[in-house]
2 protein chains.
Amino acid sequence: MTQPPADLSSLIARNRPRYRTATEFVEAALREAILSGVLPGGLPLRQEELATAFGVSRMPVREALRQLEARALVEFHPHRGAVVVEISAEDSADIGAIRAALEPAALRLSLPHLTATDLDLAEELIAEMDAEADPGRMGELNRRFHMTLYARAGQPRLLALTEQHLAAADRYLRFQFAALGYHPRSQDEHGALLAACRRGDADAACALVVQHVALASEQLTAFLKDRPATPSA
Amino acid sequence: MTQPPADLSSLIARNRPRYRTATEFVEAALREAILSGVLPGGLPLRQEELATAFGVSRMPVREALRQLEARALVEFHPHRGAVVVEISAEDSADIGAIRAALEPAALRLSLPHLTATDLDLAEELIAEMDAEADPGRMGELNRRFHMTLYARAGQPRLLALTEQHLAAADRYLRFQFAALGYHPRSQDEHGALLAACRRGDADAACALVVQHVALASEQLTAFLKDRPATPSA
DNA sequence: AACCGATATATTGGATCCAATATCCACGCA
DNA sequence: TGCGTGGATATTGGATCCAATATATCGGTT
């Protein structure tokens, strides 16, 4: 949430008591670990190992892994175990297409109900992004910026899906960020998007979101096609 | 897949050997049972009961339930068990918004690659729907019709999400179908959509899908608002 | 008679145990 | 020397067992 996640064990010890069941806790920690790149794509996840790391038995780990499977964050190979799903140019494009479909829909529903506080918060997040250098925190800020604009849509399913894929895109974003550094164009687009929201111009805002997502996805896909064999994030 | 699902036990005995692990099998059977309305919304799912019904121990049941939780088909209440998620007007509108976002995106990607065989199959499915009276099979045919048009999109994530929400909408569709009978307008829309696909007119086809989904969702939401306290499907 | 509390019961959450399957390595054979 | 076969090992899948929590029941008290 706040600290750079360093390694897995740092994700574990803290905020254990925030969860009512061990399964919940393990699932949340593993999810964050995968999305934040601590557990890179392709990594085999040994149940016993994770269990001792979390200080629980294999059972909550198994249940957590099943949930992550349903969310397409890990893959099960029967009798061979779970593996963190790989990132790829194809998958990046896939997620990009989903985002480009969902985000304008969420924004259009949310925009009329955005408050001044929401818009100010979004502005603040843009400023924070300007100052941020750490890829992990950058991803989180980006996600929060987008979700702030969508949050008033109501529609819990739509929002959950949107956030899920925004988070999935983070894996790729961080990857690119680490290699290319931050692209300032993205910040310009954030600013333009926010301005359109302030004007209450839904059509313009939606068009900007689509363009923003499409550009990032396109650039990322091209980047990944160059270096296809790099197993990370 | 083919037979009317009658009750839970009929879903169980058959095609058990098709799955490599008991968890997979239980998950698939429960998912179909929920989506097909055999297990209605609000129903508490007792692990022991399901285990004996499936002829397995509680463990695969637990793992399957966790997966279904991640897919938003059941809800867990700590130490009180899992419940099939209720249907509601709000949820129907939520799913409708998601479909209206995803399906045109899938169609636009798929349309250029549709073959004559695909289109003929879609046509056949429309004809089958005309002849079908059973709500359960109707839902399946409708789903297959739509997915046939989207299938060439590639993009496995997008397709999986689309199919998931198409299936979720089935729960509602069957509900309405049982109460109001089939709405012939929907078939007209299917025909128009297919015609646009045959012409290769992507813009028209996408507009038709959006309209098709929006109309159905709207009508359904209104219908559900009238009778909010009916726990079924 | 109604309400509050304690106890009993049912059910889930978690741990441990056993079985089944896959991988790895050594050995034999062509 | 290379390949295929067979057994040892590691790891998952499934069953059973125990603990923790929630609900229901019953009794007591005001």
Side-chain angles (χ1 to χ4, degrees), chain A residues 8 11-13 15-31 33-34 39-40 42-86 231, chain B residues 8 11-13 15-31 33-34 39-40 42-85:
Chain A
L8 186 59
L11 276 179
I12 293 175
N15 54 27
R16 159 67 214 258
R18 300 212 289 122
Y19 298 91
R20 285 168 304 183
T21 69
T23 299
E24 268 183 50
F25 166 60
V26 173
E27 194 270 338
L30 283 181
R31 177 157 39 88
I34 293 171
L39 300 176
L43 184 74
L45 299 172
R46 300 278 151 246
Q47 298 176 359
E48 193 78 45
E49 232 174 272
L50 294 173
T52 60
F54 281 99
V56 297
S57 79
R58 273 176 52 213
M59 169 109 5
V61 173
R62 283 165 67 172
E63 290 189 350
L65 288 175
R66 286 297 179 183
Q67 297 192 56
L68 296 174
E69 184 195 21
R71 292 182 184 283
L73 289 175
V74 309
E75 276 176 6
F76 268 80
H77 302 277
H79 294 277
R80 295 197 300 148
V83 177
V84 180
V85 292
E86 295 272 9
Chain B
L8 185 59
L11 276 179
I12 293 175
N15 54 24
R16 160 68 215 256
R18 299 212 289 123
Y19 298 92
R20 284 167 304 181
T21 70
T23 300
E24 267 183 51
F25 166 60
V26 174
E27 194 270 339
L30 283 180
R31 177 157 39 87
I34 292 172
L39 300 176
L43 184 74
L45 299 173
R46 300 278 150 245
Q47 298 176 358
E48 194 78 47
E49 232 174 88
L50 293 174
T52 60
F54 281 99
V56 297
S57 80
R58 272 176 54 215
M59 168 110 2
V61 173
R62 283 165 68 174
E63 291 190 348
L65 288 175
R66 287 296 179 183
Q67 298 193 59
L68 296 174
E69 184 196 21
R71 291 183 185 280
L73 289 175
V74 309
E75 276 177 7
F76 267 80
H77 301 278
H79 294 278
R80 294 198 301 150
V83 177
V84 180
V85 292

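All chains are named by letter (A, B, ...) in the order of the sequence lines, taking the proteins before the strands, and each is independently numbered beginning at 1.
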Among D/dT23, C/dG14, C/dT23, the nucleotide that comes nearest once only the side chain of A/Arg80 is considered: C/dT23
Test item: B/Leu65 and B/Leu45 side chains (from C-beta on) under 4.5 Å apart, heavy atoms: yes
Length of the CG-P vector between A/Leu50 and C/dA15, whole Å: 14 Å
Minimum-distance nucleotide (side-chain atoms of B/His79 versus D/dA22, D/dA15, D/dG14): D/dA22
Distance-only donor-acceptor test (3.5 Å): side chain A/Arg62, base D/dG14: yes
Side-chain N,O (B/Thr23) to OP1/OP2 (D/dG13) below 4.0 Å: no
Residue A/Gln47, side-chain heavy atoms: nucleotide from C/dA15, D/dA15, D/dG13 that is nearest: D/dG13
Sugar-phosphate only, base, or nothing, as touched by A/Leu45 at under 4.0 Å among non-hydrogen atoms: sugar-phosphate
Check ion pair B/Arg66-B/Glu69 (N to O, under 4.0 angstrom): yes
Parallel, tilted or perpendicular: rings of B/Phe25 and B/Tyr19 (30°, 60°): tilted
Nucleotide of C/dT16, D/dG13, C/dT11 approaching B/Arg46 most closely (side-chain heavy atoms): C/dT11
Pairwise 5' ranking along DNA chain D for A/Ala82 and A/Met59, keeping only the more 5' one: A/Ala82
